[in-house]
Amino acid sequence: MARLLRPLLRGTTYTRLLHLWVPMLVVSVWLFIDMSTPWIPAAVLVPVGLIPAVRMGEGVQARLLLTPGEQDSGISVNPSATWRDRLRTVLWLEVRMGLGAVAMASCVWLPALVYELVRIALGHVPDDAVPLLSEAQPHWVYALLVPLPLLALYGAVVGLGELVTAVARRLLGPSAAERLAALEERTDQLLERNRIARELHDSIGHALTVAVVQAGAARAAGDPEFTDRALSAIEDTGRAALEDLERVLGVLREADRPVSSRPKLAEADRLLESARTSGAKIDMEVSGPLASIPGPVSREGYRILQEALTNVLRHAGSVPVRVRVEVTGSRLALEVRNPLTAGIPGPGRGSGLRGIRERAALLGGRARTGPDEGDWQVHVELPLS
């Protein structure tokens with residue numbers, strides 16, 4: 001019994017009933033004007049439903065009254081974009097009016113029927129309010145019939161609400177084009193989240209690696225002058241990491257914020273200086289104009305170089321590093337090599353190496369990471385077009 005009565009305790013049940021009653025207000029006004037043409041309101045709905053904005057209005061109403069509080073209601077709030085959407089809207093308006101008429105009649109006549117059954121069971125003579133019982137004779141047996149209209153009223157209140165919600169999802173649901181657009185938007189969001197995760201991993205991971213290496217070297221050296229230089233390097237690296245963090249958080253705060261403020265490959269000097277202050281001996285060779293690299297390629301190249309240097313400091317320590325950057329008319333080649341040590345993982349392991357390969361793949365390029373002739377190599381080629 002408690003399960004049967006539970007729908008009557010939900011507010012959604014009554015907002016759905018209200019949704020069915022709304023169009024009947026217009027019908028009631030028309031019937032007050034002309035009782036002989038009850039079909040006019042239904043006919044008027046045909047040209048009304050062909051108006052593109054009507055679908056949006058119906059979708060908003062359906063979401064608010066039929067599926068309140070649901071994140072994924074399955075009901076579109078976009079205007080009609082095709083004739084199929086317009087025809088679906090017309091059909092929805094007609095079905096809504098028909099179900100509304102049934103709901104209105106049920107909520108008026110079924111309670112009246114219950115009232116008359118109770119009166120007759122108590123010995124009162126029935127009046128003409130309910131024609132079905134106008135010939136009935138007073139008798140207590142009519143009390144046994146009272147649950148029947150109550151069950152019918154329950155079915156009208158709860159069942160019609162469920163039915164109109166299912167119909168709304170079917171007729172006001174997103175079209176194929178809208179579902180495709182939503183899927184593309186969801187894909188873009190996932191790509192953006194992955195990009196932000198890589199940004200945080202590369203910038204913050206590089207800063208923490210430099211700080212750890214500098215602190216360890218200062219403690220091992222026991223030289224106050226070297227300690228001062230190490231602390232200064234940690235401070236500079238920390239400031240740069242905070243700037244990178246602010247850029248990434250800015251993307252989260254403002255979806256439309258441009259990414260042009262992110263560092264480019266032409267600004268790689270600060271990466272090299274940070275790595276050098278950590279003890280790495282870096283030899284860099286640049287061939288070709290870095291300024292001519294397109295923005296997306298240049299920004300991703302910077303992050304790839306940052307991650308490659310971070311891996312050197314993290315796994316190999318203060319070792320010689322050879323960086324080669326070559327810019328030609330159609331591609332950017334970036335290579336970072338350092339002596340192979342036992343602490344460096346094999347190919348394919350580590351989120352940093354995976355991030356390098358993902359960045360290269362997103363731009364249509366390729367990346368190779370792993371041992372090569374006694375060195376650890378990160379070799380990336382990115383197309384410039």
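These figures come from a predicted structure and were not determined experimentally.
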Colleague: Please output the side-chain donor-acceptor pairs of residues 150-161 that fall under 3.5 Å, not counting sequence neighbours, one pair per line with the distance.
Modeller:
from, atom 1, to, atom 2, distance (Å)
Y154, OH, L4, O, 2.6

Colleague: First locate atom CD of E381, then atom CZ of R331, and finally report the distance between them rounded to the nearest 0.5 Å.
Modeller: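 The CZ atom of R331 is 4.5 Å from CD of E381, to the nearest 0.5 Å.
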Colleague: Would you say I51 and M97 are hydrophobically clustered, going by side-chain heavy atoms of ILVMFWY under 4.5 Å?
Modeller: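 Yes, I51 and M97 fall within the same hydrophobic cluster.
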Colleague: Does either side chain, that of R322 or that of Q377, offer a donor lying less than 3.5 Å from an acceptor on the other one?
Modeller: no
Colleague: For Y14, does the OH atom sit with more than 12 other heavy atoms under 6.0 Å from it, leaving out its own atoms?
Modeller: yes
Colleague: Sequence neighbours excluded, which residues qualify as side chain to side chain donor-acceptor pair (under 3.5 Å) partners of T328?
Modeller: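 Not a single residue meets the side chain to side chain donor-acceptor pair (under 3.5 Å) criterion with T328.
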Colleague: Heavy atoms, side chains only, cut-off 4.5 Å: are W30 and T37 in contact?
Modeller: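 W30 reaches T37 side chain to side chain.
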Colleague: Side-chain heavy atoms nearer than 4.5 Å, only ILVMFWY residues, links allowed to pass through others: does that put M56 and V54 together?
Modeller: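 Each belongs to a different hydrophobic cluster.
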Colleague: Identify the heavy atoms of V146 and P149 that sit nearest to each other, and give their distance.
Modeller: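 The answer is O-CD, 3.1 Å.
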Colleague: Flag the pair T165 / T67 as yes when at least one side-chain heavy-atom distance between them is below 4.5 Å, and no otherwise.
Modeller: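 T165 vs T67: side chains touch.
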Colleague: Looking at every non-hydrogen atom in both residues, tell me the closest pair between G301 and L334 and how far apart they are.
Modeller: O-CD1, 3.7 Å
Colleague: I want to check something: taking the side chain as every heavy atom from C-beta on, are P339 and P320 in contact at a cut-off of under 4.5 Å?
Modeller: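 The answer is yes, as the side chains (C-beta and beyond) meet within the 4.5 Å cut-off.
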Colleague: Rounded to the nearest 0.5 Å, what separation is found between the CZ atom of R88 and the CZ atom of R170?
Modeller: 8.0 Å
Colleague: Over all heavy atoms of both residues, which pair between S298 and I293 is shortest? Give the atoms and the distance, please.
Modeller: N-CG2, 3.6 Å
Colleague: Can you name the side-chain contact (heavy atoms from CB on, under 4.5 Å) partners of S80, sequence neighbours left out?
Modeller: P52, R55, D85, R86, T89
Colleague: Nearest heavy-atom pair of I75 and A168: which atoms, and what distance?
Modeller: CD1-CB, 4.1 Å
Colleague: Decide, yes or no, whether a salt bridge links E326 with R324 under the criterion of side-chain N to carboxylate O below 4.0 Å.
Modeller: no
Colleague: Do R16 and E162 meet the salt-bridge criterion of a basic N to acidic O distance under 4.0 Å?
Modeller: yes
Colleague: Do you know which two heavy atoms are closest between L340 and W376, and how far apart they sit?
Modeller: CD1-CE3, 3.8 Å
Colleague: Under a 4.5 Å cut-off applied to non-hydrogen side-chain atoms, are V321 and D283 in contact?
Modeller: no
Colleague: In this structure, would W39 and V46 fall into the same cluster of hydrophobic residues linked by side-chain contacts under 4.5 Å?
Modeller: no
Colleague: Does the side chain of C107 come within less than 4.5 Å of W21's, by heavy atoms?
Modeller: yes
Colleague: Could you please spell out the steps behind the side chain to side chain contact (heavy atoms under 4.5 Å, CB included) verdict for L384 and V327?
Modeller: CA-CA 9 Å; L384 298 183; V327 183; 4.1 Å; yes
Colleague: Checking side chain to side chain contact (heavy atoms under 4.5 Å, CB included) for the pair F32/D34: CA distance, chi angles, key distance, verdict?
Modeller: CA-CA 6 Å; F32 180 78; D34 187 359; over 6 Å; no
Colleague: Do L18 and L20 sit in one hydrophobic cluster, given that two such residues count as connected whenever their side-chain heavy atoms are within less than 4.5 Å of each other, even indirectly?
Modeller: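 No, L18 and L20 fall in different hydrophobic clusters.
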Colleague: Do the non-hydrogen side-chain atoms of L272 and L309 ever get within less than 4.5 Å of each other?
Modeller: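 Yes, at least one pair of side-chain atoms sits under 4.5 Å.
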Colleague: Evaluate side chain to side chain contact (heavy atoms under 4.5 Å, CB included) for T15 paired with L66, printing each intermediate quantity in order.
Modeller: CA-CA 7 Å; T15 59; L66 299 181; over 6 Å; no
Colleague: Can a salt bridge be assigned to the pair R169 and E70 using a cut-off of 4.0 Å between side-chain N and carboxylate O?
Modeller: yes
Colleague: Is the side chain of R299 donor-acceptor paired with the backbone N or O of P294 at a distance under 3.5 Å, no angle test?
Modeller: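 Such a contact is absent between R299 side chain and P294 backbone.
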Colleague: What verdict does the salt bridge (charged side-chain N to carboxylate O under 4.0 Å, His left out) test give for E58 and R96, after you've listed the backbone C-alpha separation in whole Å, the side-chain angles of each residue and the deciding distance to 0.1 Å?
Modeller: CA-CA 10 Å; E58 289 295 317; R96 180 185 178 187; 2.7 Å; yes
Colleague: Determine whether a donor-acceptor pair (N or O, by modelled atom type, separation under 3.5 Å) exists between the side chain of T13 and the backbone of P7.
Modeller: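 Between the backbone of P7 and the side chain of T13 there is a qualifying donor-acceptor contact (under 3.5 Å).
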Colleague: Hey, mind stepping through R303 and E300 against salt bridge (charged side-chain N to carboxylate O under 4.0 Å, His left out) and telling me if it holds?
Modeller: CA-CA 5 Å; R303 292 305 186 193; E300 295 305 315; over 6 Å; no
Colleague: For the residue pair L93 and G49, what are the closest heavy atoms and their distance?
Modeller: CD1-CA, 3.6 Å
Colleague: Check each of H379, R357, R354 against T369 using the side chain to side chain donor-acceptor pair (under 3.5 Å) test, and report the only one that passes.
Modeller: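 Passing option: R357.
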Colleague: V164 versus W92: any side-chain heavy-atom pair under 4.5 Å?
Modeller: yes
Colleague: Looking at R337 and D375, does any basic side-chain N land under 4.0 Å from a carboxylate oxygen?
Modeller: yes
Colleague: Go through V29 and L25 one step at a time and tell me if the side chain to side chain contact (heavy atoms under 4.5 Å, CB included) criterion holds.
Modeller: CA-CA 6 Å; V29 172; L25 298 177; 5.8 Å; no
Colleague: Could you tell me the separation between the CG atom of L332 and the CG atom of L265, rounded to the nearest 0.5 Å?
Modeller: 6.0 Å
Colleague: Are L87 and L172 connected, step by step, through hydrophobic side chains (Ile, Leu, Val, Met, Phe, Trp, Tyr) whose heavy atoms are closer than 4.5 Å?
Modeller: no
Colleague: Can you measure from CG (L117) to CG (L144) and round to the nearest 0.5 angstrom?
Modeller: 10.5 Å
